[in-house]
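Atoms within a ligand are numbered from 1 in the order they appear, just like the ligands themselves.
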Amino acid sequence: MGKGVLENFLQENIKDLKDKGLFNVIDPLESANGPVIRISGFDLINLSSNNYLGLATDSRLKAAAIEAINTYGVGAGAVRTINGTLKLHVQLEEQISAFKHTEAAIVFQSGFNCNMGAISAVMDKDDAILSDELNHASIIDGCRLSKAAIIAYKHSDMADLRVKAKQVKESGLYKKIMVITDGVFSMDGDIAKLPEIADIAEEFDLITYVDDAHGSGVLGEGAGTVKHFGLSQKIDFQMGTLSKALGVIGGYVAGKKELIEWLRVRSRPFLFSTALTPGDVAASLKAIEILSNSTELQRKLWENGNYLKHGLKTLGFNIGASQTPITPCIIGDENLTQKFSRKLYENGVYAKAITFPTVPKGTGRVRNMPTAAHTREMLDRALEIYAEAGKDMGII
Ligand SMILES: *Cc1c(COP(=O)(O)O)cnc(C)c1O
């Protein structure tokens, strides 16, 4: 009987998603996730990875990973708190805190479980969290896991945040109040208004948490959104990933020594999930070393981002109001978005359709992530393909 219930549930819901154009199809890569990728035997210009600086395929990172694997093996062998902490992990944490200008840092196996673990280690049912309505799924899940009251504020609407912060504070119902935001919003490429958020936090005594998954390596000479605004002393949690611009895998929180000490004893993925592998740690160390010594990759990333944006806008696409290299092409209708993405694919550009529930209904988009590794020729070719497909489908 139970099986019938599950089968009915799955069949009905999968059909519903497919009817609405919301069923995601995965195309496995037959190559590295570089600026050109191979799928089903065809080479495509890749505008869908988060590999902003091209570090995922960088030879220096690969060599560092291989060396660490040869020395330490492929797995860490235990959770961090038993004996899975290698000296390499400690070095990585020291390097992250130096790069972020904080006292200390802690690394996790992914950005997702970092948010799950860090938020819930500090906030509980007696607390409240003010959360931007467009925050990433991992923030939402971390907030839910904490059992704190979650109060969403309108996206980057500082008047709304202020009103809600005042209400929550003056209600006297909560012991601690946190404000949490993405540093860069990945679907639109806009930057959080951190100076205003920091002011509101000071006024109402809020704990501040910035998830800089898309700002690290991209803004603030690589150190992220908080550094970009010069707020390193005012943000309590500087969370980031090692998996996007840094090209590897993992997440971290950088902050005050006491905060990191607490996370080491109370964040559950740190206590109950095996440590990052030696290869990942060594490659991440190399990535941060590269970013600490040069801003060349960022310069190239921004140059490419601006070039692509200018090109798409000139063609007549709605590219929204991105302030970073992230370049959405907002189409609207989910089915049309999927078809447009398919058309680009057939013509040689891989730019994934992003639709509800990742973005609000009716704002389907093809999102472009130019990287430092793209050449001018690749971007020109991508623009030609965009022009052709856009005209064919009556979008421009
Ligand atoms: C991608 C992302 C994460 C998750 O990071 P992973 O390292 O991929 O698990 C968390 N927050 C934001 C804002 C992200 O974009």
If the plane angle is over 60° it's perpendicular, under 30° parallel, otherwise tilted; pick one for Tyr386 and Phe317. perpendicular

With Lys234 via salt bridge (charged side-chain N to carboxylate O under 4.0 Å, His left out) - residues at least two apart: Glu202

For Arg266, give me all partners under side-chain hydrogen bond (donor to acceptor under 3.5 Å, both in side chains), at least two apart in sequence or on another chain. none

Just list the N/O pairs, ligand 1 to protein, that are under 3.5 Å apart, with the distance for each.
from	atom 1	to	atom 2	distance (Å)
ligand 1	7 (O)	Gly111	N	2.8
ligand 1	7 (O)	Ser243	OG	2.5
ligand 1	8 (O)	Ser243	OG	3.4
ligand 1	9 (O)	Gly111	N	3.1
ligand 1	9 (O)	Phe112	N	2.9
ligand 1	11 (N)	His136	ND1	3.3
ligand 1	11 (N)	Asp211	OD1	3.4
ligand 1	11 (N)	Asp211	OD2	2.6
ligand 1	15 (O)	His214	NE2	2.9
ligand 1	15 (O)	Lys244	NZ	2.6

Do we get Lys164 above Tyr153's six-membered ring, with its NZ or CZ under 6.0 Å from the centre and within 45° of the axis? no

Just checking, any donor-acceptor pair under 3.5 angstrom between side chains of Tyr174 and Lys169? no

Sequence neighbours excluded, every pair satisfying side-chain hydrogen bond (donor to acceptor under 3.5 Å, both in side chains) that has a member inside residues 328-348: Lys343-Asp392

